[in-house]
Undergrad: 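There's a structure below that I have some questions on.
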Amino acid sequence: MPEHVILVTREEPIALATINRPEKLNALNWALVAELADHFEELDADPAIGCIVLTGAGEKAFAAGADIAEMAERTPMEMATGGFEAWDRIRRIKTPIIAAVGGYALGGGSELAMHADIIIASERAKFGQPEILIGIMPGAGGTQRLARTLGKYRAMEICLTGEQVSAREMHAWGLVNHVVPDGQHVEEAKQLARKIARQAPLATRMIKEAILAAYETPLEVGLTYEKRLFAMLFATEDQKEGMRAFLEKRTPEFRGK
Ligand code: COA
């Protein structure tokens, strides 16, 4: 494996992160996920970046899962402790992330796409949790996020059979935001990312935080949380600018303050 497998290009106000291991269908080993988390944290701390697009190099895969060659001889203790820290770091990124899926998003690849906030998929993209076919189960959130997004019955079938699901089916089931013609997933994701990155950055981050909180809290608690974040935004210059611009019939100039 080359030393750096994540390529990052900044096209401010957005950034594109590409998993660049196409000869192994972008299989995710621990070093790769840690490198991805490092880049995401760096971009998250950069006020010039308002949205991140994540994709996989090559035509075949977004990522075909955790690296089975690396995983094959791991001990239970290693799996329990070593592998998930980087995933947790990715889960805590505050900048909106769009996954641009052009091919296989299987196992950890599907789970990584589900760590994003929006999923754009090309026609030939395939999703699935094939862990069962090698005697294990999803471990980076697959059972939980599929159950919450698709419901119990579809999640059960996907995880229990390991069968691949088309982008169109995932779109109909609510996991994929948009299905686009082959090869256009990155461009479409970038276009959407630019639209998001034009908005007031503190508000976009709080929207992400509030929506993710819906997965963790009962409705009453979530509604209170939302109201607090909403009120906090009235302490920002961007709220004043946004409302003033509306009243003055001009485009707002947000500054992330
Ligand atoms: N881990 C490690 N290596 C992987 C991988 C994974 N998850 N997925 C693919 N690769 C490697 C293959 O071993 C092969 O390497 P090689 O050329 O050195 O032999 C290379 O990527 C190309 O894959 P290949 O299987 O030849 O491509 P294909 O088009 O015939 O099949 C898939 C594509 C996605 C159906 C098949 O690669 C596959 O089933 N991958 C594993 C998916 C999986 O179970 N993921 C969950 C893991 S928990």
Side-chain angles (χ1 to χ4, degrees), residues 1-7 17-37 54-91 99-116 119-147 149-150 154-170 173 175-176 179 182-183 185-186:
M1 192 178 96
E3 206 176 316
H4 296 291
V5 281
I6 307 295
L7 307 176
T18 305
I19 304 166
N20 188 30
R21 209 190 166 201
E23 72 287 356
K24 294 288 179 188
L25 304 188
N26 301 319
L28 307 167
N29 58 33
W30 287 7
L32 185 158
V33 182
E35 194 186 324
L36 183 61
L54 171 65
T55 195
E59 293 189 349
K60 279 184 80 174
F62 174 76
D67 188 326
I68 299 171
E70 180 188 69
M71 208 163 35
E73 301 304 326
R74 292 271 189 215
T75 66
M77 202 45 116
E78 282 172 335
M79 290 312 291
T81 55
F84 293 111
E85 193 229 355
W87 290 86
D88 288 338
R89 287 163 59 206
I90 293 170
R91 188 163 59 83
V101 180
Y104 294 116
L106 302 177
S110 154
E111 290 169 307
L112 184 60
M114 289 191 278
H115 275 63
I119 303 178
I120 305 288
S122 78
E123 291 272 4
R124 66 153 178 262
K126 297 262 190 225
F127 295 78
Q129 299 292 155
E131 292 89 347
I132 186 67
L133 305 176
I134 53 169
I136 55 166
M137 63 179 282
T143 60
Q144 302 306 296
R145 290 196 176 88
L146 284 175
T149 307
L150 310 185
R154 286 171 180 147
M156 283 284 183
E157 189 174 344
I158 288 170
C159 294
L160 291 175
T161 66
E163 275 178 14
Q164 295 172 11
V165 181
S166 72
R168 289 226 164 271
E169 234 166 337
M170 280 304 200
W173 293 350
L175 188 103
V176 166
V179 182
D182 282 347
H185 51 292
V186 174

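All ligand and atom numbering here is 1-based and tracks the order in the structure.
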Undergrad: Taking a 3.5 Å cut-off between nitrogen or oxygen atoms, can you list every pair linking ligand 1 to the protein, with distances?
TA:
| residue | atom | partner | partner atom | Å |
| --- | --- | --- | --- | --- |
| ligand 1 | 1 (N) | Ala66 | O | 3.4 |
| ligand 1 | 1 (N) | Ile68 | N | 2.9 |
| ligand 1 | 7 (N) | Ala64 | O | 2.9 |
| ligand 1 | 7 (N) | Ala66 | O | 2.9 |
| ligand 1 | 15 (O) | Lys24 | NZ | 3.4 |
| ligand 1 | 18 (O) | Lys24 | NZ | 2.5 |
| ligand 1 | 29 (O) | Lys60 | NZ | 2.6 |
| ligand 1 | 45 (N) | Ala64 | O | 3.1 |

Undergrad: Mind listing the closest non-hydrogen atom pair of Leu175 and Ile119 along with its distance?
TA: O-CD1, 3.5 Å

Undergrad: So which pairs with a foot in residues 124-135 pass salt bridge (charged side-chain N to carboxylate O under 4.0 Å, His left out), sequence neighbours left out?
TA: Arg124-Asp182

Undergrad: Quick test of your reading: applying salt bridge (charged side-chain N to carboxylate O under 4.0 Å, His left out), list the pairs with at least one residue in residues 60-75, sequence neighbours left out, ordered by first then second residue.
TA: Arg21-Asp67, Glu70-Arg74

Undergrad: Are more than 12 heavy atoms from other residues, nucleotides or ligands located less than 6.0 Å from atom CD of Glu157?
TA: no

Undergrad: Checking Gln129 side chain against Gly162 main chain: does a donor-acceptor pair fall under 3.5 Å?
TA: no

Undergrad: Can you name the residues that form a side chain to side chain donor-acceptor pair (under 3.5 Å) with Arg89, not counting sequence neighbours?
TA: Asp38, Glu41

